[in-house]
Number of protein chains: 2
Amino acid sequence: MHTIKDVAKKANVSIATVSRIVNNQSGYSEETKRKVLAAIKELNYQPNALARGLINKRTHTIGVLLPHFINAFGMELLHGIEEKAHEEGLSVIICSTDSFGAKTMKYLQVLNEKRVDGVIIIGPKLEEEYYDYVKRMAVPVVLLGTEKFDNRLPSVQVDNRAIAYSAVKHLIDKGHERIGMIAFHENGPSLRADGYRKALEDNDIIFNQERIVFSSGFAFEDGVHFFRKLMLQAPDITAAYIISDEMAVGAITAADRLGIKVPHDVSIISHDNLRVADMSIPKLTAVSLPLRRMGRTAAEKVFQMIQTGRPSESSIMQHEIVERDSVCMLAKAVRAKQPC
Amino acid sequence: MHTIKDVAKKANVSIATVSRIVNNQSGYSEETKRKVLAAIKELNYQPNALARGLINKRTHTIGVLLPHFINAFGMELLHGIEEKAHEEGLSVIICSTDSFGAKTMKYLQVLNEKRVDGVIIIGPKLEEEYYDYVKRMAVPVVLLGTEKFDNRLPSVQVDNRAIAYSAVKHLIDKGHERIGMIAFHENGPSLRADGYRKALEDNDIIFNQERIVFSSGFAFEDGVHFFRKLMLQAPDITAAYIISDEMAVGAITAADRLGIKVPHDVSIISHDNLRVADMSIPKLTAVSLPLRRMGRTAAEKVFQMIQTGRPSESSIMQHEIVERDSVCMLAKAVRAKQPC
DNA sequence: GCTTTTCACGTAAACGTTTACGACATATAG
DNA sequence: CTATATGTCGTAAACGTTTACGTGAAAAGC
């Protein structure tokens, strides 16, 4: 591995001149530039980013913390981040904090020691401990997720209440009234459950506790389990809003076993719109989140913050409903009993 | 951000002593150790990895090149890599070489400039250009993938011929004889198509060109398209080996539209055994690849190479068949015409 | 009690860059 | 022709560590 000194020697100039040429600043003749460039090519010299970083205080590297690696959801975000980051000349170090806990702190320390230029934290919420740490790190941090707001730090998120509202409104527009929901079990009040409730109220449908069920996860298995539970609790529903695609697929499987046809007996609208939404039978009508774009935006924000040194605004991304085959119209006449 | 000097000053010792304590070497009294540790804690000093790397020639960072980010397949591999890497104290930089091409070269350069300790390259094959470059980088490189062998570099792979053989053998064991395949269209001879053919031959079933179809991709859409094509070319098959889960799901969708029931009319065995295999209806019987473990193994190999300085052996990972619901037994009596 | 070993440190060079400063030569202005 | 500006370069300090080497004191050996 050659250093700038080797190049300088070979080109018969000082290292300062080589440096100037490499960083193309001014202060040299065309003649010497040629010589130096030739030497660089011949030795195929690559500047040492460590030495550069040491003096410039820029590593052109950001860290991404994401829980539950495997999740397709996080992957889309990560993809967006990586894409944008590399466009801006940033490398990304991934830290998968699988079992949320002590590991995260370790990762933050590593990122700090490596002097990353910024950090993106994916996840529902930010523990106080982590917040304190990143604050002391004094690098740009942006939050990327779907759940709680932490307005002490810039974030890119979606409005879960509005999303749930849209989803349920869509079902209502299709003629459904007895609408179930598989929500996520949180400590505090659930934004999505809120939106669900609000949509019902705004359309003069009375809220029925039995029609909402709280899952402990977002996976396929949770879908089959909690859909069964939902149908047990509220057998008369004609539609359901399910807060992840995987769960929705699980619900379809469960429905299949229960002899319930989707969408003929019960319509399903899901959340996220990942690849799998397009692969199930029937294809899922879903609220689509611009995950890739969210990742890009997060990367853009850290980049901006790195450049300007001042905190960025938070962004709330728009969602949209993409209609496929898991929701069907319920004619007013048949609303009573029959399937559509 | 405090440096070792600040700590030294605060503890009234030299920076050398601080360094020794931080790296816990010998050469100081318990007394001074206490003092220094106290100073470190008070300033919450974190050593600068750049400066360390500069002098130690170790960055404790590896790079991972992976094409087609989005793919769940690559994600499993990446997950394994990340897991093991962090266990060994290595950070991982991801480089998604989406559009295979010029981007890869850029990434390699970046990794080189950042002086990563090792590189893992995920992908079917290694272009000559990249090979030359990584050779010049003179860092441990391991190949991770499923396709071609490149025995100039250590790799972790699976034996695709054996896998195809197993898959087809499994179908034969279940009583099938007219077996189709959706293979991947490659320039050279396909290992998987080879295994398919061999399994037939070994069981005295004549190979029929019409029963094999070559896809240009591995995605859902390819599955629906090429399954349709397959059924047009060879309407009499009772089973098919399809080389990706997503394609298999696509095939089921296509079958559904064609009025073909899986597995009653045609059985399907797929490849990879990703999460989606468990989520389709019917659940897919599949050849399971230990992707996570493959990732771990790859990371382990680079780590080993970093430590010892000598190249590692290549590994071929074992596969297994996990039986679910997409393959059914064909009784000898009914082999002629009826479904099972 | 004197030499030798051991221990606890400090000094300074090195890692590979960037960059402020100064030196010298040439061009420009008066 | 002198004074000044401009352009091309080199020297050396700095970034934050690690580590070889040296120093002095205390401990050990005789």
Side-chain angles (χ1 to χ4, degrees), chain A residues 1-37 39-40 43-61 109-117 137-139, chain B residues 1-37 39-40 43-61 109-117 137-139:
Chain A
M1 187 80 8
H2 294 283
T3 77
I4 200 174
K5 273 182 205 159
D6 302 322
V7 176
K9 193 167 297 175
K10 167 145 288 197
N12 258 320
V13 294
S14 75
I15 59 172
T17 300
V18 177
S19 176
R20 278 187 277 257
I21 291 171
V22 168
N23 300 6
N24 54 324
Q25 300 168 329
S26 58
Y28 46 83
S29 68
E30 278 303 313
E31 168 65 9
T32 61
K33 178 173 179 179
R34 269 203 319 94
K35 271 195 310 183
V36 169
L37 254 30
I40 286 177
L43 300 176
N44 58 58
Y45 161 74
Q46 303 262 149
N48 184 324
L50 294 176
R52 280 181 153 180
L54 189 55
I55 195 159
N56 290 335
K57 276 121 172 39
R58 281 285 189 85
T59 53
H60 298 280
T61 304
Q109 279 176 26
V110 170
L111 293 178
N112 187 219
E113 291 186 4
K114 296 229 160 107
R115 298 298 192 263
V116 293
D117 293 339
M137 276 178 72
V139 298
Chain B
M1 189 77 9
H2 294 284
T3 76
I4 200 172
K5 274 183 204 157
D6 301 322
V7 176
K9 193 167 296 174
K10 166 146 288 198
N12 259 318
V13 295
S14 74
I15 59 171
T17 299
V18 177
S19 176
R20 278 187 277 257
I21 291 171
V22 168
N23 300 6
N24 54 323
Q25 300 167 329
S26 58
Y28 46 83
S29 68
E30 279 302 313
E31 167 66 10
T32 59
K33 180 174 179 180
R34 271 202 319 93
K35 275 195 308 184
V36 169
L37 252 30
I40 286 177
L43 300 176
N44 57 59
Y45 161 73
Q46 303 261 151
N48 184 324
L50 294 177
R52 281 182 152 181
L54 189 55
I55 194 159
N56 290 334
K57 276 124 173 38
R58 279 285 189 86
T59 54
H60 298 278
T61 304
Q109 279 175 28
V110 170
L111 293 179
N112 187 218
E113 290 186 4
K114 296 227 160 107
R115 299 297 192 263
V116 294
D117 293 338
M137 275 177 72
V139 297

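Each chain gets a letter, A, B and so on, in the order the sequences are listed, and its residues count up from 1.
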Original post:
Reckon Ser26(B) touches a base, only the sugar-phosphate, or nothing at all at heavy-atom distances under 4.0 Å?
Top reply: nothing
Original post:
Is a side-chain donor-acceptor pair under 3.5 Å present for Lys114(A) with Thr61(B)?
Top reply: yes
Please tabulate, for the side chains in residues 16-28 of chain B, all donor-acceptor contacts under 3.5 angstrom to protein atoms that are two or more places apart in sequence or on a different chain.
from, atom 1, to, atom 2, distance (Å)
Thr17(B), OG1, Ser14(B), OG, 3.4
Asn23(B), OD1, Arg52(B), NH2, 3.0
Tyr28(B), OH, Gln25(B), O, 2.9

Original post:
In terms of side-chain heavy atoms of Ile55(B), which of dT18(D), dC9(D), dG16(C) is nearest?
Top reply: dT18(D)
Subject >> Rounded interatomic separation in angstrom, taking CG from Asn48(A) and C1' from dG16(C) >> reply: 6 Å
**OP:** Identify which nucleotide among dT19(D), dG16(C), dT19(C) has an atom closest to any side-chain atom of Asn56(A), counting heavy atoms from C-beta outward.
**Re:** dT19(C)
Original post:
Which whole-number value in Å describes the distance from Glu30(A) CD to dG7(D) P?
Top reply: 14 Å
Original post:
What heavy-atom pair brings Val116(A) and Met137(A) nearest, and what distance separates the two atoms?
Top reply: CG2-CE, 4.4 Å
Subject >> Sugar-phosphate, base or nothing in reach of Thr3(B), heavy atoms under 4.0 Å >> reply: sugar-phosphate
**OP:** Take atom NZ of Lys33(A) and atom P of dG7(D), then tell me their distance rounded to the nearest Å.
**Re:** 16 Å
Original post:
Can you tell me how far C1' of dT8(D) sits from CZ of Arg34(A), to the nearest Å?
Top reply: 16 Å
Original post:
Does Asn23(B) have a side-chain nitrogen or oxygen under 4.0 Å from the phosphate oxygens OP1 or OP2 of dT18(D)?
Top reply: yes
Original post:
Taking protein heavy atoms under 4.0 Å as touching, what does nucleotides 21-27 of chain C look like 5' to 3' if B marks base contact, S marks sugar-phosphate-only contact and - marks none?
Top reply: -------
Subject >> Among dT18(D), dT19(C), dT17(C), the one nearest Ile4(B) by side-chain distance >> reply: dT18(D)
Subject >> Candidate nucleotides dG16(D), dT19(C), dA8(C), ranked by approach to the side chain of Gln25(A) - the nearest >> reply: dT19(C)
Considering only distance and modelled atom types, tabulate donor-acceptor pairs under 3.5 Å from the side chains of residues 1-8 of chain A, sequence neighbours left out.
from, atom 1, to, atom 2, distance (Å)
His2(A), ND1, Asp6(A), OD2, 3.4
Thr3(A), OG1, Lys5(A), N, 3.1
Asp6(A), OD2, Thr3(A), N, 2.8

Original post:
Once you round it to whole Å, what is the distance between P of dC15(C) and CZ of Arg58(B)?
Top reply: 18 Å
Original post:
Roughly, in whole Å, what's the span from CG in Leu50(B) to P in dT18(D)?
Top reply: 13 Å
**OP:** Mind checking the NZ-CG spacing from Lys35(A) to Leu37(A)? Nearest 0.5 Å is all I need.
**Re:** 12.5 Å
Original post:
How many angstroms lie between CZ in Arg115(A) and CG in Leu50(A), if you round to the nearest 0.5 Å?
Top reply: 13.0 Å
Original post:
Separation of Tyr28(B) atom OH from dT19(D) atom P, in whole Å?
Top reply: 14 Å
Subject >> Residue-level proximity of residues 10-17 of chain A to DNA chain D when a heavy atom falls under 4.0 Å >> reply: Asn12(A), Val13(A), Ser14(A), Ala16(A), Thr17(A)
Subject >> Interatomic distance where NZ belongs to Lys57(B) and C1' belongs to dT18(D) [whole Å] >> reply: 12 Å
**OP:** Could you check whether Glu31(A) gets within reach of a base, just the sugar-phosphate, or nothing at all, counting any heavy atom under 4.0 Å?
**Re:** nothing
Original post:
salt bridge (Lys or Arg N to Asp or Glu O under 4.0 Å) with Glu30(B): which residues, sequence neighbours excluded?
Top reply: none
**OP:** Please give the angle, rounded to 10 degrees, between the axes at the start and the end of the helix from dG1(C)-dC30(D) to dG30(C)-dC1(D), where five pairs define each axis.
**Re:** 40°
